Every structure is written in C-alpha cells, then in structure tokens.
Protein chains: 2
Amino acid sequence: MANQESTSSSDKILLAATRIAQAHGYGGLNLRTLAQEVGIKAASLYHHFPSKADLAAAVAKRYWEDAAAALEVLSAKTPDAADCLRKFPGTFRASLENDNRMCLASFMTAEYDDLPDVVKIEIQAFADVNVAWLGKNLVAAGIVGSRDAKKRARAIFAAVSGAQLMARGRSDIKLFDALIDSYRSAGLLPE
Amino acid sequence: MANQESTSSSDKILLAATRIAQAHGYGGLNLRTLAQEVGIKAASLYHHFPSKADLAAAVAKRYWEDAAAALEVLSAKTPDAADCLRKFPGTFRASLENDNRMCLASFMTAEYDDLPDVVKIEIQAFADVNVAWLGKNLVAAGIVGSRDAKKRARAIFAAVSGAQLMARGRSDIKLFDALIDSYRSAGLLPE
DNA sequence: ACCTGAACACCGTTCAAGT
DNA sequence: ACCTGAACACCGTTCAAGT
C-alpha cells in the first residue's frame, strides 16, 4: 500500500493544528487562524471535522501514535535499554527546539477542566504510551523489578514533563539539559 | 496596624480570579464569569484593574507573595532542613486537594506565548521563590554544597510541578503521593 | 465533495451615562 | 468613587447557498 503522494486537506489541518496546540493549548487553538494557515475559511473546517473537540481529539490521537512510533524507532536503533532511557528526554527536548513549543499532552493536561472527554482520552493515551515504554526499558536495564516499573516510569515521565515546562517558561533549552542532568545525578535516570 | 476588617472589592476579585486561573489558566479566565462571582458586571472590573493583563499580574504577584510567606511559616515551624524538604511537596498537594486545582504559575507557564509581560514576570518570581527556599534547605541539610544547590533545587521544583500536573490529569491525588514517593526512593528528595 | 458569507451567542474592552 | 448598558471587534458554530 503506497502512501498518498500529496498531503490531504485533513492532514494539513492536523499538522497546523498540532503546531498551534503545542504553543497555545486547546483553548488557544483559534479556528479562524488555523483555517487561514491552511488556506480555507473557518466554516470549511467543519467539513473535515464535526467540531473543535473532534478536531482536537484527532490531533491528540495522531500525536500519541507518532510518539509511540518514534519510541519504537528509538528502541530499534538502541539495543541497550539503559541507553534508551538516557535518550528518552531527547523526545521532549525536540519540542523545545521547535520554537520553544511543548508537549501537546502536557499543555492539555493543564487544561483538564475545559477539555472535551474525547480529547481527554487521547491525552491520557500519550502518557500511557510513554510510561509503558519507560517501564519496559527500566526492567530490561535491570534498574527496577517489574513490580516497581510502572511507578518509577511514571516518576520519570512526570519529572521530564516538569523539566520541559520549566524550561519553556524561561525559553531556555540549556535549563532543560541542566534539569535532566540533575535527575541523572540524583539517581532518577541512569547516569 | 490593624487589617481591614472586611475584604475589599479588589481583594474579592483577586481571590475569585486566583481560583479560576488555577483551574482554567489565563486564557480561560473569563471576565464576565469572574464579575458574576464577585457580584458586579464585567465592565466594573475595569475600575479596579486597568486590564485583564494587570489583573492577572496582580493575581500572580499575590500568589507568589503568599507562597513565600507560607514557606517561611513552614521553615519557622520545622527546624530541621531535611524535614522542610520532606514537607515541600505538601504545598503542591494542597492545590490538588482544592478541587483538583493546580499551581497557577505552572498553568501560566504553559501559556507562556500568550502571556502579557507583566504576568510573565510575576510567574517567574514564583519559581524563583521556591527555588531559593529549596536551595537554602538543601544546603542546610547538607545534601548538596552551595555550588550545586540552585541546580538541584530547580530539579526538585520541576519534578514536583510535573507530578502535580500528571496527577491533575488523572484527578488522582494518590498518584501525586506515589510520584513524590518515587522521587524519594530514587534519591531526588530526602527519604 | 468541498467551500463560502452571513448570522448566532459568546469573548475582552471602551465609553458615555448614571449614583 | 464605583457601577452600568450598549457598543466594538473578536471567538466557535450553524446553515443556506454556491461549485
């Protein structure tokens, strides 16, 4: 099955919406602005997605699917589990490198109270994917037993998310690196 | 100097705005809703604060001032620095206990790109106050030397912020406790 | 199938007008 | 000094109308 040779309209919308949501969140995702970036009118968006909620859910779903795929690629390219764990923060660093953007899931987690249920589900899936991958590698690296894997995996995920948030607040990617470095020295991540 | 016996109008506005911003952020702070909670019309808010930006800046300023005062109280009541560090996550836990709300500064840090400069300044002050207090106690507890205090303090602040965010996303305060527990086991916080 | 202009009830904000 | 209704340009959304 060959891929579509050209990006579909819906894909263009999802791509632009992802970038906007990573910088402004769900509430800050303006449909008139989004439409303008894609080259259509706001009303036309409703031909592709029934509502802003469904659009955001589609964005969040693709976001965790892409993240899951990227983590699998990382695993495939990195045989050593401890190495995988060392490289994990790099996936969060990439967002900051991309115009000081942040994880879409973290931003929307903050917006929890205003999030439609269909979006909440996909946002939680992002955390689940990351935690599962971290847990698997923590066990494989012999850092924790399988009994404690999920708990430790969640701690790493939360800590790295927090580091990204703090670094964004200073527009300082070196602060992100320093925070991750501290996590290593403290023993949360393998040295 | 005696305090005002009754809460002033501006105080009522700041109080209500703080609660709203902790749940919905700067963008989600609706002036008509805020005014209704205080018992006035949206237009009347402009008699107390020149703009939404200035209102939010006043909210954020009081927020970090109150946090600084609370940390000083904690220090005064807790002679042992390591004990202070053990109790630090409790200040973030309190927000979750309060209807699953989160730190106003964390929420607004996510909203960085849409934040007026006057608000950004106060939000950063919140982080500074927490990091300074943590650093002081890390040194006093003999956990790190003064050279590494700020770096480690930032790591704790970022990690605890991330734990609060993740727990809010699940409306699960026990998850927050488990994450903090993991930070202790890993060695980021004193056992 | 896909797009649009115009309309709706909602936002932050202003301002003239009230007490 | 403090409040208000009405208006402004902006939001998400709908819908009748176009190709």
Side-chain angles (χ1 to χ4, degrees), chain A residues 4-21 23-60 104 107-108 111-120 122, chain B residues 4-21 23-60 104 107-108 111-120 122:
Chain A
Q4 299 294 115
E5 61 202 10
S6 66
T7 312
S8 78
S9 269
S10 294
D11 279 347
K12 263 192 259 181
I13 293 167
L14 288 178
L15 218 68
T18 302
R19 286 180 56 85
I20 295 172
H24 307 283
Y26 177 78
L29 176 58
N30 180 318
L31 297 192
R32 281 179 174 84
T33 305
L34 169 61
Q36 197 175 0
E37 279 191 22
V38 179
I40 57 178
K41 299 294 171 185
S44 308
L45 292 171
Y46 288 80
H47 186 77
H48 301 276
F49 302 95
S51 68
K52 182 178 175 177
D54 291 287
L55 166 60
V59 165
L104 184 138
F107 204 140
M108 291 193 180
E111 294 176 293
Y112 184 77
D113 290 355
D114 301 309
L115 230 48
D117 285 337
V118 283
V119 183
K120 272 190 191 134
E122 307 301 339
Chain B
Q4 298 296 116
E5 62 202 8
S6 67
T7 313
S8 78
S9 268
S10 294
D11 279 347
K12 264 193 258 180
I13 294 168
L14 288 179
L15 217 68
T18 302
R19 286 180 56 86
I20 294 173
H24 307 283
Y26 178 77
L29 175 59
N30 180 319
L31 296 192
R32 281 181 175 84
T33 304
L34 170 61
Q36 196 175 0
E37 280 191 22
V38 179
I40 57 177
K41 299 294 173 185
S44 307
L45 292 171
Y46 287 80
H47 186 77
H48 301 276
F49 301 95
S51 69
K52 181 178 175 178
D54 291 287
L55 165 59
V59 165
L104 183 138
F107 204 140
M108 290 193 180
E111 294 175 294
Y112 184 78
D113 290 355
D114 301 309
L115 230 46
D117 284 338
V118 283
V119 183
K120 271 189 192 139
E122 307 301 338

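No experiment lies behind these values; they were computed from the predicted model shown. Chain letters run A, B, ... following the sequence lines, proteins first and then strands; every chain starts at 1.
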Length of the NZ-C1' vector between A:K12 and C:dC2, whole Å: 13 Å
message: Restricting to non-hydrogen atoms, name the atom on A:I40 and the atom on A:S44 that form the minimum distance, rounded to 0.1 Å.
response: CD1-CB, 3.8 Å
- prompt: Of the non-hydrogen atoms in A:V119 and A:A53, which two are nearest, and what is the gap between them?
  reply: CG2-O, 3.4 Å
- request: Locate the shortest heavy-atom distance separating B:A58 from B:F49; write the atom from each residue and the value.
  value: CB-CE2, 3.8 Å
task: Step by step, work out the side-chain contact (heavy atoms from CB on, under 4.5 Å) result for B:N30 and B:I20.
output: CA-CA 8 Å; B:N30 180 319; B:I20 294 173; over 6 Å; no
- request: Would you sketch DNA chain C in dot-bracket for me? Only Watson-Crick or G-U wobble pairs with both distances under 3.5 Å count, crossing pairs as [ ], other-strand pairs as |, the rest as dots.
  value: ||.|||||...|||||.||
A:E111 side chain vs A:Y26 backbone, donor-acceptor pair below 3.5 Å: yes
- prompt: How does each nucleotide of nucleotides 4-13 of chain C score, in 5' to 3' order, for protein heavy atoms under 4.0 Å: base (B), sugar-phosphate only (S), or none (-)?
  reply: BB-B---BBB
- request: Verify side-chain contact (heavy atoms from CB on, under 4.5 Å) between B:K12 and B:L15, making sure each step is shown before the conclusion.
  value: CA-CA 5 Å; B:K12 264 193 258 180; B:L15 217 68; 5.7 Å; no
task: Assess whether atom CD of A:Q36 is packed by more than 12 heavy atoms of other residues, nucleotides or ligands within 6.0 Å.
output: no
task: Could you tell me which non-hydrogen atom of B:A16 sits nearest to which non-hydrogen atom of B:L34, and how far apart they are?
output: CB-CD1, 3.6 Å
